[in-house]
Amino acid sequence: MSEFKDLVIKIIKTIPKGKVMTYGQIATLAGSPRAARQVAAILRANSEAEELAWHRVVNAEGKLSTHKLGFGDLQEALLKREEIVFKSGKLDLGKYRWRLESE
DNA sequence: AGACTGACTCCAA
DNA sequence: GTTGGAGCCAGTC
């Protein structure tokens, strides 16, 4: 088990309802600032197995990277259920981004 | 074992 | 605003 993967999973579990984090942010907190893609890979591999709040993870623009995969609608629905509002297909990162002290 | 892919992000031009 | 390149590393073949 890589430390990175464990940290990513742990970090995602700390995101509270109604907040989101970007891939890059999680990668930074997990120890590899530029390993955003790996965060995505871990999500894909664990989204069904673990209780990961993968829907609270968005890209740096505040958009859903899942849209091209075909389940962007699901993610958007899950986020809306947490009182997150989308405008022009994006959400307000300045408002919804979850920040950890260790950043 | 090697080679390729990709739910990303940053930066230069 | 766009495009291209580099970096990162877990999966997959």
Side-chain angles (χ1 to χ4, degrees):
Chain A
M1 263 325 227
S2 75
E3 182 184 359
F4 184 77
K5 179 179 173 181
D6 288 341
L7 284 171
V8 167
I9 291 174
K10 179 175 289 188
I11 290 165
I12 292 174
K13 287 185 175 178
T14 71
I15 306 176
K17 183 178 178 182
K19 293 289 182 179
V20 300
M21 276 185 105
T22 66
Y23 297 92
Q25 208 182 346
I26 294 167
T28 299
L29 292 171
S32 299
R34 303 186 181 167
R37 304 185 75 141
Q38 283 55 249
V39 175
I42 291 167
L43 253 53
R44 189 185 45 163
N46 295 278
S47 59
E48 295 185 15
E50 301 275 341
E51 298 179 8
L52 290 182
W54 58 270
H55 58 277
R56 297 186 184 138
V57 183
V58 300
N59 67 25
E61 283 184 296
K63 289 187 185 171
L64 306 184
S65 299
T66 48
H67 208 279
K68 53 184 158 187
L69 294 179
F71 51 92
D73 288 343
L74 171 60
Q75 180 170 13
E76 186 172 335
L78 289 169
L79 291 175
K80 283 181 175 174
R81 198 166 73 186
E82 303 191 350
E83 301 177 28
I84 289 177
V85 178
F86 285 80
K87 48 178 58 176
S88 308
K90 302 191 299 188
L91 52 76
D92 190 341
L93 273 181
K95 188 174 181 180
Y96 300 114
R97 182 155 68 127
W98 178 240
R99 299 175 184 239
L100 291 185
E101 31 194 303
S102 46
E103 273 188 77

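Side chains are part of it too, since the values below use all heavy atoms of this structure and drop only hydrogens, waters and symmetry mates. Naming convention: chains lettered A, B, ... in sequence-line order (proteins, then strands); numbering from 1 in each chain. A quick note: this is a predicted structure, and the numbers were derived from the prediction, not measured.
Here B/dT9 presents its P atom at 12 Å from CD of A/Gln38, a figure rounded to the nearest Å. Nucleotide B/dG6 holds its P atom 20 Å from the CG atom of A/Asn46, rounded to whole Å. The distance from atom CG of A/Asp73 to atom P of B/dA7 is 17 Å, rounded to the nearest whole Å. If you measure from atom CG of A/Asn59 to atom P of B/dT9, you get 5 Å, rounded to the nearest angstrom. Atom CZ in A/Arg44 sits roughly 13 Å away from atom P in C/dA10 (whole-Å rounding). Going from atom CG of A/Leu64 over to atom C1' of B/dC8 covers 14 Å, rounded to whole Å. A/Ile26 places its CD1 atom 15 Å from the C1' atom of C/dA10, with the value rounded to the nearest Å. Between the CD atom of A/Glu61 and the C1' atom of B/dC10 there is a distance of 13 Å, rounded to whole Å.
Taking the side chain of A/Ala41 as heavy atoms from C-beta on, and the options B/dA7, B/dT9, C/dA10, the nearest nucleotide is C/dA10. Side chain of A/Thr66, nearest nucleotide from B/dA7, C/dG11, C/dC9: B/dA7.
A donor-acceptor distance shorter than 3.5 angstrom exists from the side chain of A/Thr22 to the backbone of A/Gln25, with no hydrogens or angles considered. With hydrogens and angles disregarded, a donor-acceptor distance shorter than 3.5 Å links the side chain of A/Lys19 to the backbone of A/Lys95.
Residue A/Ser32 is in sugar-phosphate contact alone, with no base atom involved, counting any heavy-atom pair closer than 4.0 Å across all strands shown. Using a 4.0 Å heavy-atom distance criterion, A/Ser47 is classed as a base contact.
Pairing for B/dA7 is absent, judged as Watson-Crick or G-U wobble with the two contacts each under 3.5 Å.
Taking only side-chain nitrogens and oxygens, A/Lys5 never comes nearer than 4.0 Å to OP1 or OP2 of C/dC8.
The line from CZ of A/Arg56 to OG1 of A/Thr14 is 10.0 Å long, rounded to the nearest 0.5 Å.
A donor and an acceptor atom sit less than 3.5 Å apart, one in the side chain of A/Arg37 and one in the base of C/dG7.
Across every non-hydrogen atom of A/Gln75 and A/Val58, the tightest pair is NE2-CG1, 4.2 Å.
By the 6.0 Å contact criterion, NZ on A/Lys10 is open, its count of non-hydrogen atoms from other residues, nucleotides or ligands being 12 or less.
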